[in-house]
Amino acid sequence: MRGGNIMLDQKRIRNNPDEIRESLVKRNESTENLDRFLELDEKRRGLLTELEKLKNLRNTESEEIARLKKEGKDAAAKIEEMREVSDSVKSMESDLAEIEGELNTVLMSIPNVPHPSVPVGKSDDDNVEVRRWSQPTQFDFQPKAHWDIGEDLGILDFATASKVTGSRFVFLKGQACKLELALINFMLDLHTGKHGYVAVFPPFMVHRHSMEGTGQLPKFEEDAFKVTDTDYFLIPTAEVPVTNMYREQILDKSDLPIYHAAYSACFRSEAGSAGRDTRGLIRQHQFNKVELVKLVEPETSYDELEKMTNDAEDVLQTLGIPYRVVSISTADLGFTAAKKYDLEVWMPSYGRYVEISSCSNCEDFQARRADIKYRPGRGEKARYVHTLNGSGVAVGRTMAAILENYQQADGSVVIPEALRSYMGGLDRITKDNAMGRR
RNA sequence: GGAGAGAUGGCUGAGCGGUCGAAGGCGCGCGACUGGAAAUCGCGUGUACCCUCACAAAAGGGUACCGAGGGUUCAAAUCCCUCUCUCUCCGCCA
C-alpha cells in the first residue's frame, strides 16, 4: 500500500511522471497539463540556477562596496558594474515570474491521484455498489414525486421562487420550513452528540485563496457564484470555509484528529447541468447541508473515511430512508479526492437511488494547497495532514426523500420518529396542518 | 463611512539604508552540575526552493522570506506607493 505516501508535489511529479500520467489516464483526463508541467519545470530550474548565481554575485560585491566606502575608497566602477547586474536580475526575475505563474496554474489543474482501491472506470456506470441498507420502499398506491406532494400540500413553492429569483430555487412554507430546520438540528445533534464532531456555523462567502485551498479553483470557477465587485465567492459547500479554518497552520499532534460538523447553505451554479433534474429539490442553486470535515494523521485517513461514511449512514438509518453505498470509480472521482464513497437514497419518483452524500479522502491534496501541517513530535519536521469531507447529509435531498418514502395514499406525509421532537411532536403533515399555525 | 495606531522568528520584543536570518528575553532541545530534580551555567534551536552527489537520505554550497504586492537604490526589515488584516475612537446599522 502506498496510499499514505502519495504526494502531489512538484518533486513527486518531476521524479515520477509516469505515476501521474497513469493517474490521469485512469481518470480519463488529458495528460497535456502534465507534459506542460514537466517542460516548464525544467525551464524554471535552469533559469533559477542562473538567476541565483547573479544574485550571489550582487550580494558579495555589495558587501565589497560597503567595505570600500567605509575605508573611504572609490567604489564607482563596482557600482556601475552592479547596476548592470541588477538590470539582468530584474529582467530574469520577470521571466521567472511568468514561468512560475503558468507552472502554478498547470500544477493547480492536475487532479489528485486515486487510491489503488478505487475501481477503474470509464463512466459513472463503473461505480461499484458496496452495500445496501433496507429495501426500496413499496407502495400499495401510485406514489407521487416529492414536488407534487409538496405542491399539493402547499409547502413547496417553486413557481413563486421562479418569479422572485429564478429557476432552481424554492420557497419552503409552513411544515416544509419547519422540517428543513428540524433536519438541520437533528443532523447536528447526531454528529456532535453521538459521533464526536464539533459544530460550526461558518461564513457563507470565502475569498479566492480559500477556494483554491480546497480545490474548487482555479479549474471550476464557472461552477461557483462570485459576488460582483468583491473577491468573494458563495461557498458551494461548508467544506471550503471549515477546512480553510486551519490554512497556513502547523497543528499540534494532540489537536488531531479534528472533527467538525458544519451547517451551511450551499450555492452552486450548476453550469453544465441544463435540463437535468429540472423539477423538485434535487438540483437547486441554493441548498442546505450539514457537512462533516476531518483533519487527521495520514496513517489513519482511510480508517477515518470508513468511520465518516458510517456517520453519514447513521443519519439515513435513524431516519429510516433506504440507501446504498457506492465506491466511486476513477472516472467519476472528484478533482480533490483520492477515494470517495457516495450514499444514495431510494427515490421513488426516479425509480432509482439518488446521491445524497459524498464522503471523500483528499489525503494531503488540500492540505498542501491550503498549507495545513502538524508536528508529529517534538523537534520533528512538520507534515501535511490528511483532510476528509463528507455530507452528513444534504438537507434538501433528505426532505425530498422523506416526502417520497413516507408519503401516504391520502397525500399526507408521516414524519420519521427521530424528527418529531424537533417538530413540536408532529407525526404527520396533512393538508390541514401544512401551514403549521394554530 | 470618518480619524488614528499597528503587523518582525514558536511566543515576547529591539532594530528605521550596507556588518541583519535578524539583539535581548521566554519557550524548546542537548550537555555540565545533582543521589534525582529545581536553580545555575555552556551549546544549539525557522521555513521553502535551487545546485553539487547516480535517485533518496545525509552533508556541503547558494537564493529567498521581517503582513501581501509593486517602486527607489550598487544595496531595503529599514525609504516611497498600493492593498489586506488587527486594534482604538466617532458615525451608521441587524
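Every chain is numbered from 1, with letters handed out A, B, ... down the list of sequences. All heavy atoms count here, side chains included; hydrogens, waters and symmetry mates do not. Note that the structure is predicted; figures quoted are calculated from it, not measured.
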For nucleotides B/rC87 and B/rC20, find the distance between their P atoms and express it as a whole number of Å. 36 Å

When you measure from the side-chain N and O atoms of A/Ser86 to the phosphate of B/rA75, is any distance below 4.0 Å, counting only OP1 and OP2? yes

Could you tell me how far B/rU19 sits from B/rA77 if I compare only their P atoms? Round to whole Å. 9 Å

Could you check which nucleotide pairs with B/rU52 in any of the strands shown, counting Watson-Crick or G-U wobble with both distances under 3.5 Å? B/rA59

Taking the P atom of each, how far is B/rC28 from B/rA39, in whole Å? 10 Å

Any Lys/Arg nitrogen of A/Glu93 or A/Lys90 sitting under 4.0 Å from an Asp/Glu carboxylate oxygen of the other? no

Expressed as a whole number of Å, how far does the P atom of B/rG29 sit from that of B/rA37? 14 Å

Looking only at atom P, what distance separates B/rA22 and B/rG44, rounded to whole Å? 12 Å

Report the nucleotide, chosen from B/rU63, B/rC74, B/rU72, that has the shortest atom-to-atom distance to any side-chain atom of A/Asn56. B/rU63

Under a 3.5 Å cut-off for both contacts, is B/rC20 paired Watson-Crick or G-U wobble with anything, and if yes, with which nucleotide? none

Side chain to side chain, A/Thr237 and A/Thr214, heavy atoms closer than 4.5 Å: no

A/Arg58 side-chain N/O to B/rG18 phosphate OP1/OP2 under 4.0 Å: no

SB check A/Glu297 A/Lys253 (cutoff 4.0 Å): yes

Using atom C1' of each nucleotide, how far apart are B/rU47 and B/rA54 to the nearest Å? 29 Å

Can you tell me if the side-chain N/O atoms of A/Arg83 get under 4.0 Å from OP1 or OP2 in B/rU73? no

Please report the distance separating the C1' of B/rG9 from the corresponding atom of B/rC26, rounded so that it comes out in whole Å. 13 Å

Distance check: side-chain N/O of A/Asn59 vs OP1/OP2 of B/rA64, anything under 4.0 Å? yes

Decide yes or no, distance alone: a donor-acceptor N/O pair under 3.5 angstrom between the base of B/rG62 and the side-chain of A/Glu52. yes

Does the structure show a Watson-Crick or G-U wobble partner for B/rC66, both distances under 3.5 Å? Name it, or say none. none

Which one, B/rC74, B/rC85, B/rC50, comes nearest to the side chain of A/Tyr232? B/rC85

Determine yes or no for a side-chain-to-main-chain donor-acceptor pair under 3.5 angstrom, with A/Lys26 supplying the side chain and A/Val113 the backbone. no

Look through every strand shown and name the nucleotide pairing with B/rC28 as Watson-Crick or G-U wobble, where both distances are under 3.5 Å. B/rG44

For a quick check under 3.5 Å, do A/Asn112 and A/Thr336 share a side-chain donor-acceptor pair by atom type? no

In Watson-Crick or G-U wobble terms, with both distances under 3.5 Å, the base opposite B/rG1 is B/rC90

Return the nucleotide paired to B/rA77: Watson-Crick means purine N1 to pyrimidine N3 with N6-O4 or O6-N4, wobble means G-U with N1-O2 and O6-N3, both under 3.5 Å. none

Pairing check on B/rA14: which nucleotide meets the Watson-Crick or G-U wobble criteria with it, both distances under 3.5 Å? none

Applying a 3.5 Å limit to both distances, which nucleotide forms a Watson-Crick or G-U wobble pair with B/rU84? B/rA7

Residue A/Lys11, side-chain heavy atoms: nucleotide from B/rC49, B/rA75, B/rC51 that is nearest: B/rC49

Using 30° and 60° as the class limits, which term best fits the ring planes of A/Phe204 and A/Phe201: parallel, tilted or perpendicular? parallel

Just N and O in the side chain of A/Lys90: are any of them under 4.0 Å from OP1 or OP2 of B/rU72? yes

Please state the P separation for the pair B/rU12 and B/rU72 - nearest whole angstrom. 35 Å

